[in-house]
*Asks:* 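Structure provided below as C-alpha cells; questions to follow.
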Amino acid sequence: MLRSALLAAARSGAVRGLVERTPLTRPVVRRFISGDDVDAAVATTGELLADGRYVTLDHLGEDTRDAAQATATVEAYLDLLRRLELAGHTGRAEVSVKLSAVGQFLPVDGEKTALENARRICAAAGAVGTTVTLDMEDHTTTDSTLGILRELRVDFPWVGAVLQAYLKRTEQDCRDLAHAGSRVRLCKGAYREPAAVAFQDKAEVDLSYVRCLRVLMEGSGYPMVASHDPRLVAIAGELASRRPKSSYEFQMLYGIRPEEQRRLAAEGHRVRVYVPYGDEWYGYFMRRLAERPANVGFFLRSLITTN
C-alpha cells in the first residue's frame, strides 16, 4: 500500500508542490541526486571514477509535452557530454536518456521527434568516445522505446536498452536482445503497473528477475545487472561466474548501498553508478522512496534530525 501511495504521489501535482516547498526536503534529496546543474554532475562523476567505479548520468526530466523543452533537454545532454570530455571522464562515464524527456509524448510526431533528438545525443556521445542507454518508463512506452532503440542501433549499435523484470513480457524481450553487442540493463521496475501486464507480488518479481537474468547471462550480449537486493546480486555473481568480468557489469543508484558498490568494485567487478542531476527531481525521488521501505525510513529520520 505504501509503495502504491508513493507512486501515485509521484504523478500528483499537488503533492509535488508540497514536497518541493518543504525546506527540509532538499538535504534528503541530496542523498539520491548529485545536484541541480552540470557542474555538480561532473564533480560527482569525478569522485566516483576516482573511487574505482563507473557512471551513467541522467539529466532529470520526463513527460515533456513541449517541443522547446525537449530541445532544451537535448542541449543539456550535449553540454554534459562536452563537459565530460573536457574532464577526461568519457572513458568510464556514459549517459542515460528518457525518451519522454526528448519528445516521445509530443501530440504531433512524438516518436519521430524523440528518435531525432536521441540520434543527436548518440552522435555527440559517439564523437567523444562514450555511449548512451535508453531508460525504460511505464509499460505504455515499452514498444515505442524498443522501436526507437532498433532504429538507433542501425547507426549506433552500442546503444543500451533497459528491461524491467516486473513486466510479464520481459523474459521474451530478454531473449530478443541477448545477442552479440547488445547492452541490456535489467532492473525490477519502478512504476505503478496493472496486474494485467506486471507481476504484483515481490516474490514473483524476484523470480522473474532471475529468469530474465539467466537468459541474458546465457546469451552473447552485455548484461547490466541493476539491483541493490543482496540475494539477487549474489545470484548474478553465480550466473556470471563463467563469464569474463569485462563482459557484464553491476549497476546501482547514486546514494544507495555505496559500501556494496565499493565491495564489488574491489573484487574486480565493473560497477556503474546511476547519477541523476537537475532541478526536475521530484518524480525520480518519489520512485526511489517507493522502491525500498528503508528509503522512506531514511527520509523520515532525516526530517526529524534536520529539524
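Everything numeric here is computed off the predicted structure, so don't read it as measured data.
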*Asks:* Test side chain to side chain contact (heavy atoms under 4.5 Å, CB included) on Lys188 and Asp229; report intermediate values, then the result.
*Replies:* CA-CA 10 Å; Lys188 286 188 180 182; Asp229 186 321; 3.4 Å; yes
*Asks:* With no hydrogens and no angle check, do the side chains of Asp138 and Thr140 hold a donor and an acceptor under 3.5 Å apart?
*Replies:* yes
*Asks:* If only side-chain N and O atoms count, and only distance matters, is there a donor-acceptor pair under 3.5 Å linking Glu94 with Thr56?
*Replies:* yes
*Asks:* Is there a side-chain contact between Val271 and Gln251, using heavy atoms and a 4.5 Å cut-off?
*Replies:* no
*Asks:* Would a single hydrophobic cluster contain both Tyr254 and Leu60, if residues Ile, Leu, Val, Met, Phe, Trp and Tyr are joined by side-chain heavy-atom contacts under 4.5 Å?
*Replies:* no
*Asks:* Tell me the closest heavy-atom pair linking Ser34 and Ala40, and the distance in Å.
*Replies:* O-CB, 3.7 Å
*Asks:* Considering only heavy atoms from C-beta outward, does the side chain of Asp39 approach that of Arg83 to under 4.5 Å?
*Replies:* yes
*Asks:* From Leu99 CG over to Ile148 CD1, what is the distance, rounded to the nearest 0.5 angstrom?
*Replies:* 4.5 Å
*Asks:* Got a sec, which pairs hit ring-ring contact (aromatic ring centres under 6.0 Å, His included) with one end in residues 112-163, sequence neighbours left out?
*Replies:* Phe156-Trp158
*Asks:* Do Glu218 and Arg243 sit within salt-bridge range, that is, some charged N less than 4.0 Å from a carboxylate O?
*Replies:* no
*Asks:* Same cluster or not: Val225 versus Leu167, using hydrophobic residues (I, L, V, M, F, W, Y) connected whenever any side-chain heavy atoms lie under 4.5 Å apart?
*Replies:* no
*Asks:* Would you check if Leu80 and His59 make a side-chain contact, meaning some heavy-atom pair closer than 4.5 Å?
*Replies:* no
*Asks:* Between Asp206 and Lys202, does any NZ, NE, NH1 or NH2 come within less than 4.0 Å of an OD or OE carboxylate oxygen?
*Replies:* yes
*Asks:* Report yes if the side chains of Asp58 and Lys98 come closer than 4.5 Å at any heavy-atom pair, otherwise no.
*Replies:* yes
*Asks:* Once you measure the plane-to-plane angle for Phe250 and His269, does it fall in the parallel (<30°), tilted (30-60°) or perpendicular (>60°) bin?
*Replies:* perpendicular
*Asks:* Do Ile235 and Leu239 have side-chain heavy atoms sitting under 4.5 Å apart?
*Replies:* yes
*Asks:* With heavy-atom distances below 4.5 Å as the criterion, would you say the side chains of Met136 and Thr142 are in contact?
*Replies:* yes
*Asks:* Look at the side chain of Thr130 and the backbone N and O of Ala93, then say whether any donor-acceptor pair between them is shorter than 3.5 Å.
*Replies:* yes
*Asks:* Minimum heavy-atom separation for Cys174 to Cys212, with atom names?
*Replies:* SG-CB, 3.6 Å
*Asks:* State yes or no: do Val38 and Tyr77 share one hydrophobic cluster built from I, L, V, M, F, W and Y residues joined by side-chain heavy-atom distances below 4.5 Å, directly or via other members?
*Replies:* yes
*Asks:* Which is it for Arg263 and Glu260 under the salt bridge (Lys or Arg N to Asp or Glu O under 4.0 Å) test, yes or no, and what are the steps along the way?
*Replies:* CA-CA 5 Å; Arg263 182 190 71 80; Glu260 176 67 358; 2.7 Å; yes
*Asks:* To the nearest 0.5 Å, how far apart are CD in Glu151 and CG in Leu115?
*Replies:* 6.0 Å
*Asks:* With the side chain counted from C-beta on, respond yes when Thr113 and Asn117 share a heavy-atom pair under 4.5 Å apart, and no when they do not.
*Replies:* yes
*Asks:* Please determine whether side chain to side chain contact (heavy atoms under 4.5 Å, CB included) holds for the pair Met224 and Tyr248, giving the CA-CA distance in whole Å, both sets of side-chain angles, and the decisive distance to 0.1 Å.
*Replies:* CA-CA 6 Å; Met224 301 183 284; Tyr248 65 92; over 6 Å; no
*Asks:* For the pair Arg169 and Asp143, evaluate salt bridge (Lys or Arg N to Asp or Glu O under 4.0 Å) and give the outcome as yes or no after the intermediate values.
*Replies:* CA-CA 11 Å; Arg169 63 174 286 170; Asp143 285 329; 2.8 Å; yes
*Asks:* Under a 4.5 Å side-chain heavy-atom rule over Ile, Leu, Val, Met, Phe, Trp and Tyr, are Leu163 and Val215 clustered together?
*Replies:* no
*Asks:* Can you tell me how far the CG atom of Leu232 sits from the CG atom of Leu213, to the nearest 0.5 Å?
*Replies:* 8.0 Å
*Asks:* If you take all heavy atoms of Val273 and Leu253, which pair is closest and at what distance?
*Replies:* CG1-C, 4.1 Å
*Asks:* Determine whether Lys168 and Val197 make a side-chain contact, defined as any pair of heavy atoms from C-beta on separated by less than 4.5 Å.
*Replies:* no
*Asks:* Can you see whether Gln104 engages Ser144 through a side-chain donor-acceptor pair at a distance of less than 3.5 angstrom?
*Replies:* yes
*Asks:* Where is the tightest heavy-atom contact between Met217 and Pro223, given as atom of each residue plus distance?
*Replies:* SD-CG, 3.9 Å
*Asks:* How would you list all residue pairs meeting ring-ring contact (aromatic ring centres under 6.0 Å, His included) that involve residues 196-226, not counting sequence neighbours?
*Replies:* none
*Asks:* Start with the C-alpha distance between Cys187 and Val162, add both sets of side-chain angles, then the distance that settles side chain to side chain contact (heavy atoms under 4.5 Å, CB included), and finish with yes or no.
*Replies:* CA-CA 7 Å; Cys187 63; Val162 177; 3.9 Å; yes
*Asks:* Which distance, rounded to the nearest 0.5 Å, do you find between the OG of Ser241 and the CD of Glu238?
*Replies:* 7.5 Å
*Asks:* Quick one about Gln261 and Glu259 (side-chain donor to acceptor, distance below 3.5 Å, no hydrogens or angles considered), yes or no?
*Replies:* no
*Asks:* Is the shortest distance from a Lys or Arg side-chain nitrogen in Asp176 or Arg150 to a carboxylate oxygen in the other one below 4.0 Å?
*Replies:* no
*Asks:* Dump the intermediate steps for salt bridge (Lys or Arg N to Asp or Glu O under 4.0 Å) on Arg175 and Glu171, then the final yes or no.
*Replies:* CA-CA 7 Å; Arg175 292 191 183 94; Glu171 190 173 351; 3.0 Å; yes
*Asks:* Check whether the side chains of Thr45 and Arg92 place a donor and an acceptor atom closer than 3.5 Å, and report yes or no.
*Replies:* no
*Asks:* Working to the nearest 0.5 angstrom, can you tell me the gap between Arg82 CZ and Leu78 CG?
*Replies:* 6.0 Å
*Asks:* State plainly whether one hydrophobic cluster holds both Tyr166 and Val233, where clusters connect Ile, Leu, Val, Met, Phe, Trp and Tyr through side-chain heavy atoms under 4.5 angstrom apart.
*Replies:* no
*Asks:* What's the spacing between Arg211 CZ and Leu216 CG if we round to 0.5 Å?
*Replies:* 13.0 Å
*Asks:* Does the pair Val42 and His89 meet the rule for a side chain to side chain contact (heavy atoms under 4.5 Å, CB included), with working shown?
*Replies:* CA-CA 9 Å; Val42 173; His89 294 338; 4.2 Å; yes
*Asks:* Do you know the tightest heavy-atom contact between Arg272 and Val55?
*Replies:* NH1-O, 3.0 Å
*Asks:* For the residue pair Tyr277 and Asp37, confirm or rule out a side-chain donor-acceptor distance under 3.5 Å.
*Replies:* no
*Asks:* For Ala178, is there any backbone N or O sitting under 3.5 Å from a side-chain donor or acceptor partner on Ser182?
*Replies:* no
*Asks:* Should we say atom NZ of Lys112 is surrounded by more than 12 heavy atoms from elsewhere, each under 6.0 Å from it?
*Replies:* no
*Asks:* Does a donor on one side chain sit under 3.5 Å from an acceptor on the other, for Arg183 and Thr133?
*Replies:* yes
*Asks:* Any idea which heavy atoms bring Val132 and Ala125 closest together, and the distance?
*Replies:* CG2-CB, 3.6 Å
*Asks:* Have Tyr274 and Asp135 got a donor and an acceptor in their side chains that come within less than 3.5 Å?
*Replies:* yes
